[in-house]
Amino acid sequence: MMSNPLSSIRRFSAAGPLVMLAVLFVLLSVFVPDFLGVRNMRGLILSVTLVGTIAPTMMLVLALREVDLSVGSTTALAGVLCAVVMASTNSILLGVGAGLAAGALVGLMNGFVVAKFKLNSLIVTLATMEIVRGLAFLVSGGEAVSIPVERFYVLGSGSFLGINYPIWIALICFVVFAIVLNRTVFGRNVLAIGGNPEAARLAGVPVNRVRVLVFVLQGLAAGVAGIVLASRITSGQPNTSQGLELAVISACVLGGVSLSGGIATITGVIVGVLIMGAAQNALNLLDVPTFYQFVVRGGILLAAVMFDRLRQSPGLLGAGFLRRRTSASTPSKA
C-alpha cells in the first residue's frame with residue numbers, strides 16, 4: 001500500500017529540527033576546523049545560555065499566538081538597573097531584586113496592554129522595545145555602569161560540578177517550563193488559547209489572565225538573562241542584547257513552535273537554540289565579518305518562518321504532488 005504523501009510531510013516536519021541539527025553538526029565538523037573540539041563545544045554551550053534562558057518563555061508567548069520584541073531591551077534594562085543599584089548599595093540582593101522587578105514590570109505592562117486593549121502584541125512590544133531601551137540609557141547616563149561587588153562576578157564565571165552557572169540557569173529554565181507546558185493546567189490553557197482563543201474562552205479558560213501571566217514570565221526570564229549577562233561582563237551596558245529578540249524567536253520557530261499558536265515542545269526549542277548557536281559559532285570560527293553574519297542570521301529567521309508555514313500547511317507541498325499523481329494516473333480522453 002502506498003503511503004499518504006501528506007502524512008509523510010507531517011512526519012518530516014515533526015522530525016525536521018532534529019534532522020537539521022544533525023546535518024548541521026556533520027557539515028560543520030567536516031568544513032569548520034576544531035568545531036567538535038571539547039573547548040569549542042564548551043564555548044558553544046556557554047554562548048547559547050543567553051538565548052536559552054529566554055527561549056522557554058518565548059515558546060509560551062508564541063504558543064499563545066503572540067510575540068514579544070522587547071526582550072533584548074528588557075535584558076539590557078535589567079542588567080543596567082542591577083549594576084546601578086549594586087553600585088549604590090553594595091548589595092547583591094537588592095541589585096538582583098531590581099533587575100528582576102524591572103523585567104516583571106515590563107512584562108506586566110506588555111501583557112496588560114495586549115489583554116486589556118486587544119492590541120496586536122507585535123506593535124505593543126515594538127513600542128516597548130524602544131521605550132525600555134531608552135530607559136536603559138537614561139538610568140545609566142548613556143554609559144556602562146561598573147559593578148564594584150566582585151562576589152557578584154561568580155554568577156557569570158563560576159561553576160558547579162564543572163558546569164558554568166549560566167548553563168545551569170538555562171537548564172533550570174528549560175526543565176521548569178517543560179513541566180509548566182506539559183504537566184500543568186496553565187500550560188494546557190496556553191496551548192488551548194493559541195489553538196483557538198474563542199473556544200478556550202467559551203470553555204472557561206481565563207484568557208486575559210493567562211496572557212498577562214505569560215508576558216510577566218517572559219519579562220522575568222529576560223530579567224534573569226540581563227542579571228547573568230551583567231555578571232559575565234562585570235557591568236551594566238545599555239546597548240547590549242540588540243537583536244536578541246530575533247535570535248530567540250528564530251530558535252523557537254526552528255524548534256517547531258508555531259507562529260500560528262497552539263503548538264510547542266521544549267525539546268524542539270532546545271534543538272532550535274543549538275542550531276542558532278552552532279551557526280553563530282561556525283561563523284565566528286571562520287572569521288566571517290560581522291556584516292555577513294547579519295545576512296546569515298536574517299536568512300535563518302526567514303528560513304525558519306518559511307519552514308513553519310510549510311509545517312502548518314503541508315498541503316502547499318502535498319497538494320501539488322497529489323495533483324501531479326492524479327493527472328498522471330487519469331487516462332486521457334481520446
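Bear in mind that the values here come from a model prediction, so they are computed numbers and not experimental data.
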Supply the atom-to-atom distance [X] [atom1] to [Y] [atom2], rounded to the nearest 0.5 angstrom.
| X | Y | atom1 | atom2 | value |
| --- | --- | --- | --- | --- |
| Ile54 | Cys173 | CD1 | SG | 9.0 Å |
| Ile92 | Tyr153 | CD1 | OH | 10.0 Å |
| Phe177 | Met59 | CZ | CE | 8.0 Å |
| Ile233 | Thr240 | CD1 | OG1 | 5.0 Å |
| Ile300 | Leu246 | CD1 | CG | 12.0 Å |
| Arg42 | Ser47 | CZ | OG | 12.5 Å |

For [X] and [Y], work out which heavy atoms get closest and say how close.
| X | Y | answer |
| --- | --- | --- |
| Gly103 | Thr74 | CA-CG2, 3.7 Å |
| Ser260 | Arg65 | O-NE, 3.1 Å |
| Val288 | Gln293 | O-NE2, 2.9 Å |
| Ala264 | Leu181 | O-CD2, 3.6 Å |
| Ser241 | Thr75 | OG-CG2, 3.4 Å |
| Gly52 | Ala170 | C-CB, 4.3 Å |

Do [X] and [Y] belong to the same hydrophobic cluster, where Ile, Leu, Val, Met, Phe, Trp and Tyr are linked whenever their side-chain heavy atoms lie under 4.5 Å apart, directly or via other members?
| X | Y | value |
| --- | --- | --- |
| Val176 | Phe174 | yes |
| Leu69 | Leu60 | yes |
| Val48 | Ile249 | yes |
| Val154 | Leu229 | no |
| Ile45 | Leu254 | no |

Could you tell me whether the side chain of [X] and the main chain of [Y] form a donor-acceptor pair under 3.5 Å?
| X | Y | result |
| --- | --- | --- |
| Asn196 | Ala199 | yes |
| Ser231 | Phe152 | yes |
| Asn182 | Ala178 | yes |
| Thr49 | Leu46 | yes |
| Arg133 | Leu77 | no |
| Ser70 | Met129 | no |
| Ser235 | Gln237 | no |

Less than 4.5 Å apart, any side-chain heavy atom of [X] and any of [Y]?
| X | Y | value |
| --- | --- | --- |
| Phe31 | Leu27 | yes |
| Val106 | Thr128 | yes |
| Leu171 | Ile167 | yes |
| Tyr292 | Leu283 | no |
| Val51 | Val273 | yes |
| Val30 | Phe35 | no |
| Thr265 | Val269 | no |
| Arg297 | Gln280 | yes |

**Study point:** Phe137/Asn239 under side-chain contact (heavy atoms from CB on, under 4.5 Å): CA gap, chis, key distance, verdict
**Key:** CA-CA 8 Å; Phe137 277 98; Asn239 61 347; 3.9 Å; yes
Check your understanding: Does the pair Glu66 and Leu62 meet the rule for a side-chain contact (heavy atoms from CB on, under 4.5 Å), with working shown?
Key -> CA-CA 5 Å; Glu66 305 290 352; Leu62 295 177; over 6 Å; no
Review point. Which ILVMFWY residues are connected to Ile179, directly or by a chain of links, through side-chain heavy atoms under 4.5 Å apart?
Key: Val175
Exercise for review: Might you confirm whether atom CE of Met41 has over 12 heavy atoms from other residues, nucleotides or ligands at distances under 6.0 Å?
Suggested key: yes
Review point. Considering residues, nucleotides and ligands other than Asn120, do more than 12 of their heavy atoms fall under 6.0 Å from its CG?
Key: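 Check passes, neighbour count above 12.
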**Study point:** Test log, rule side-chain contact (heavy atoms from CB on, under 4.5 Å), inputs Val271 and Leu18
**Key:** CA-CA 6 Å; Val271 171; Leu18 193 57; 4.1 Å; yes
Check your understanding: For the residue pair Phe112 and Phe215, is the inter-centroid distance of their aromatic rings smaller than 6.0 Å?
Key -> no
Exercise for review: Test side-chain contact (heavy atoms from CB on, under 4.5 Å) on Asn208 and Arg211 and set out the steps.
Suggested key: CA-CA 5 Å; Asn208 287 342; Arg211 279 202 177 101; 4.0 Å; yes
Exercise for review: State, without any angle test, whether Asn110 and Thr125 hold a side-chain donor-acceptor pair at a distance under 3.5 Å.
Suggested key: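 Per modelled atom types, Asn110 and Thr125 side chains form no pair under 3.5 Å.
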Point to revise | Salt-bridge criterion met for Arg201 and Glu198 (N-O under 4.0 Å) | key: yes
